[in-house]
There are 2 protein chains.
Amino acid sequence: MEKQTVTIYDVAREAGVSMATVSRVVNGNTNVRAETKEKVEAVIERLDYRPNAVARGLASRKSTTIGIIVPDVTNVYFSELARGIDDVAQMYNYQIILTNSDEKNNSNVFESLLGKQVEGILYMGNIIDDNLRDKIKKNNVPVVLSGSVDVEKQLPSVNIDYVSAMYEVTKHLIEHGHQKIAFVSGPLDETINTEFKFKGYQKALVEAGLDYTDDLLVSGDYNYQSGYQLGAMVHDSGATAAVVVDDEMAAGVLNYMTDQDVVTPDDFEIVTLNNSHITLLTRPQLSSVTQPIYDIGAVSMRMLTKLMNGEELDTHDMILPHGYAGRGTTK
Amino acid sequence: MEKQTVTIYDVAREAGVSMATVSRVVNGNTNVRAETKEKVEAVIERLDYRPNAVARGLASRKSTTIGIIVPDVTNVYFSELARGIDDVAQMYNYQIILTNSDEKNNSNVFESLLGKQVEGILYMGNIIDDNLRDKIKKNNVPVVLSGSVDVEKQLPSVNIDYVSAMYEVTKHLIEHGHQKIAFVSGPLDETINTEFKFKGYQKALVEAGLDYTDDLLVSGDYNYQSGYQLGAMVHDSGATAAVVVDDEMAAGVLNYMTDQDVVTPDDFEIVTLNNSHITLLTRPQLSSVTQPIYDIGAVSMRMLTKLMNGEELDTHDMILPHGYAGRGTTK
DNA sequence: CTGTTAGCGCGTTCAA
DNA sequence: TTGAACGCGCTAACAG
């Protein structure tokens with residue numbers, strides 16, 4: 001990269017004003033005579049001047065960039081979240097630096113984002129270890145969790161009420177007469193699964209006086225293949241229905257059953273959680289908790305802007321409403 | 001953002017050396033006595049010093065950031081591409097600024113990326129108007145197309161051979177005895193559809209002496225819903241098979257047929273193009289051209305690094321191999 | 001309303 | 001092998 005072609009100095013010189021004035025018109029400062037403002041703007045236009053955001057960032061200590069850490073964009077749940085974030089970010093003139101972490105090197109990714117002087121971070125991972133927690137605290141940079149919960153309730157977050165959602169759909173299945181309902185979970189080192197989604201499921205069982213046995217709980221890693229494999233275990237467990245925490249896994253379970261000539265929903269019922277458009281692709285279509293994934297992203301970005309502005313948050317843990325869409329995999 | 005906590009000066013002072021020396025060890029310059037190097041590193045460790053990438057960028061005019069412009073991350077095709085890009089980018093220590101353009105404000109997005117001093121841009125859009133072309137030329141920043149072609153062959157790109165791919169699968173369907181084969185396209189203002197994918201389809205028809213009529217061509221915008229709607233038109237056209245340029249649209253067509261009691265593949269055959277994991281979710285599973293989406297992303301990022309290093313490209317238009325996976329939607 | 005002057009944190013000659 | 005000094009392009013007081 002050679003030296004920038006046209007700088008604020010060039011504009012100043014051509015317009016016969018000081019660079020401070022140019023800076024003012026570029027930044028919409030009103031303390032500029034209309035006449036000079038026009039003059040400067042004309043030169044900017046003519047020279048095709050574009051402010052250097054890096055220099056700007058250095059001088060103002062505002063990078064107008066935020067970082068977003070996502071386990072894997074390839075999963076529709078996360079990409080819809082990211083889409084919501086980006087749209088709001090663009091509205092506020094922030095750019096986003098996107099990094100896939102695979103939940104493995106979360107704190108490294110976090111560090112390098114800090115190096116870029118991001119003004120805030122949206123964290124979509126579900127694993128928050130002490131190391132990461134430590135770094136967040138030490139660097140006091142605004143962080144909000146997007147579709148992810150903090151058991152210790154330290155970090156602000158945007159989610160739906162997973163416990164209730166899971167409780168409701170499990171109860172729904174129980175009302176359909178099922179005695180053995182499987183819980184197809186994500187990784188069990190993620191508290192969002194063990195402390196929230198599972199808890200809702202469990203609560204419904206207990207309330208109905210149903211037995212919970214360990215073979216009813218299986219866990220995969222949020223993709224179709226693992227869902228398909230888990231389907232076998234679910235089948236073996238003798239369960240007649242399943243609640244699944246991820247749409248792609250749910251599709252896997254469904255297709256496994258179909259391949260075994262287990263007819264859904266007649267012989268087996270399935271409810272999934274994310275209501276991504278994956279639910280429409282399968283046959284039968286997946287009944288699902290409905291949640292505003294895009295909005296979760298959008299709202300969390302909005303929260304972050306507040307934090308970056310030093311504003312107070314009215315709600316530290318935002319809970320967006322969820323619903324239920326009965327489709328083909330339930331009776 | 002208050003003033004950075006610990007700067008290169010702090011390290012220098014604590015270590016009793018000049019900041020130039022600190023800069024050297026941070027950047028791996030070998031001209032530093034082993035002893036002082038260790039001393040400095042110890043202080044860096046102790047003070048938890050992290051170089052300010054923004055300042056660095058300004059001084060060196062290297063931002064170690066690249067921009068990626070994608071129509072919509074929400075589409076699995078693009079997110080897989082993006083994933084490939086990110087993985088290679090991380091390998092080379094580049095960060096990516098991701099922006100969704102919806103193919104609408106491509107040149108605005110491009111501009112703002114330039115403002116961020118990105119060292120290169122990966123463009124995944126399919127619309128390249130004169131305005132954009134102009135900006136690229138004027139700013140001579142490395143740009144490579146990822147899963148997108150330039151009819152004018154000006155911009156370097158990474159793709160598969162769409163013409164051949166579409167030709168082959170169409171031919172395949174013809175060999176199955178079909179006389180009327182629909183072509184389910186993406187937007188017709190995208191040359192990748194009109195000049196490449198459609199051309200391959202057409203070639204096969206011509207070669208087989210089959211008639212092409214306009215009602216065999218329908219176009220949607222790369223999502224399930226539009227595919228489903230197009231299904232009706234395809235049905236009305238009397239076609240007995242279809243080649244589809246996008247997996248989600250293919251799923252739509254398939255499900256429409258199923259809903260009309262048109263049995264796939266007995267009464268209707270479908271082949272799609274991207275072989276994303278969407279193809280596994282549907283029942284029957286979608287037969288598809290196989291293409292290395294992730295690799296297209298990875299390779300294009302690799303190409304970009306070369307360009308950013310001022311290296312020559314051995315291949316201006318990289319074509320990656322494709323294949324075919326016959327699954328449930330073909331006989 | 002406008003210009004001058006310091007930095008922002010770091011890379012990079014040029015000397016020593 | 002090391003350090004001093006300049007500059008990257010811009011924002012932000014501070015004067016005027």
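Throughout, protein chains are lettered first and strands after them, A, B, ... in sequence-line order, and every chain is numbered starting at 1.
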- Inter-end axis angle, the helix from C:dC1-D:dG16 to C:dA16-D:dT1, with every axis fitted to five base pairs (rounded, 10 degrees):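 The two end axes of the helix from C:dC1-D:dG16 to C:dA16-D:dT1 meet at 30°.
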
Using whole Å, report how far [atom1] of [X] lies from [atom2] of [N].
{"X": "A:Asn27", "N": "C:dC1", "atom1": "CG", "atom2": "P", "result": "17 Å"}
{"X": "A:Ile8", "N": "D:dC8", "atom1": "CD1", "atom2": "P", "result": "14 Å"}
{"X": "B:Gln117", "N": "C:dG11", "atom1": "CD", "atom2": "P", "result": "17 Å"}
{"X": "A:Arg56", "N": "D:dC8", "atom1": "CZ", "atom2": "C1'", "result": "16 Å"}
{"X": "A:Asp10", "N": "D:dC10", "atom1": "CG", "atom2": "P", "result": "9 Å"}
{"X": "A:Met19", "N": "C:dG3", "atom1": "CE", "atom2": "P", "result": "11 Å"}
{"X": "B:Asn29", "N": "D:dT2", "atom1": "CG", "atom2": "C1'", "result": "11 Å"}
{"X": "B:Tyr49", "N": "C:dC10", "atom1": "OH", "atom2": "P", "result": "3 Å"}

- A:Ser23 or B:Ala59: which one's nearest nucleotide on DNA chain D is closer to the 5' end?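 The answer here is B:Ala59.
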
- Query: Which sits closer to the 5' end of DNA chain D, A:Val26 or B:Ala20, going by the nucleotide each is nearest to?
  - Reply: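 Closer to the 5' end of DNA chain D: B:Ala20.
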
- Task: Check every strand shown and say whether B:Val17 touches a base, only sugar-phosphate, or nothing at a heavy-atom separation below 4.0 Å.
- Result: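 Result for B:Val17 = sugar-phosphate.
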
- Message: For a quick check of understanding: with a heavy-atom distance under 4.0 Å over all strands, which category does A:Thr21 fall into, base, sugar-phosphate or nothing?
- Response: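 If one applies the 4.0 Å heavy-atom cut-off, A:Thr21 turns out to touch the sugar-phosphate alone, with no base involved.
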
Taking only the side-chain heavy atoms of [X] (C-beta and beyond), determine which of [options] contains the nearest atom.
{"X": "A:Pro51", "options": "C:dC8, D:dC10, C:dC10", "answer": "D:dC10"}
{"X": "A:Thr36", "options": "C:dT2, C:dC10, D:dG9", "answer": "C:dT2"}
{"X": "A:Asn31", "options": "D:dG7, D:dT2, C:dT2", "answer": "C:dT2"}

- Message: For a salt bridge (charged side-chain N to carboxylate O under 4.0 Å, His left out) check, start with the C-alpha distance between B:Lys135 and B:Asp129, then their side-chain angles and the critical distance, and finish with the verdict.
- Response: CA-CA 10 Å; B:Lys135 289 208 167 94; B:Asp129 58 22; over 6 Å; no

Indicate whether any N or O donor in one side chain lies under 3.5 Å from an N or O acceptor in the other, for [X] and [Y].
{"X": "A:Ser23", "Y": "A:Asn27", "result": "yes"}
{"X": "A:Asp87", "Y": "A:Tyr294", "result": "yes"}
{"X": "A:Arg302", "Y": "A:Thr305", "result": "yes"}

- Message: Looking at A:Ser60, I'd like to know whether one of its side-chain N or O atoms comes within less than 4.0 Å of OP1 or OP2 on D:dC10.
- Response: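 So the side-chain polar atoms of A:Ser60 never come under 4.0 Å of the phosphate oxygens OP1 or OP2 of D:dC10.
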
- Message: Check this one for me: any side-chain N or O of A:Thr7 less than 4.0 Å away from OP1 or OP2 of D:dG9?
- Response: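 For D:dG9, OP1/OP2 do not have a side-chain N/O of A:Thr7 under 4.0 Å.
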
- Item | Lys/Arg-Asp/Glu bridge criterion (N-O < 4.0 Å) met for A:Asp150, A:Lys153 |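 A:Lys153 and A:Asp150: not salt-bridged.
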
- Message: Given A:Ser146, which partner from the list A:Val70, A:Ile69, A:Val158, A:Ile296 fulfils the side chain to side chain contact (heavy atoms under 4.5 Å, CB included) test?
- Response: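 Single side chain to side chain contact (heavy atoms under 4.5 Å, CB included) partner of A:Ser146 among A:Val70, A:Ile69, A:Val158, A:Ile296: A:Ile296.
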
So which protein N/O to nucleotides 14-16 of chain C N/O distances come out below 3.5 Å?
none

- Query: Under 4.5 Å between any side-chain heavy atoms of B:Gln291 and B:Tyr77, yes or no?
  - Reply: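 Touching, per the 4.5 Å side-chain cut-off.
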
- Message: Run the salt bridge (charged side-chain N to carboxylate O under 4.0 Å, His left out) test on A:Glu14 and A:Arg46 for me, step by step, so that the C-alpha distance in whole Å, both residues' side-chain angles and the decisive distance to 0.1 Å come before the verdict.
- Response: CA-CA 10 Å; A:Glu14 290 290 310; A:Arg46 180 158 61 79; 3.2 Å; yes

- Task: Begin from the C-alpha positions of B:Asp10 and B:Arg13 and carry the test salt bridge (charged side-chain N to carboxylate O under 4.0 Å, His left out) through to its verdict.
- Result: CA-CA 5 Å; B:Asp10 301 322; B:Arg13 185 169 19 77; 2.6 Å; yes

- Please check if atom CD in B:Glu45 has more than 12 non-hydrogen atoms from other residues, nucleotides or ligands closer than 6.0 Å.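 Atom CD in B:Glu45 is not crowded, with 12 or fewer foreign heavy atoms closer than 6.0 Å.
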
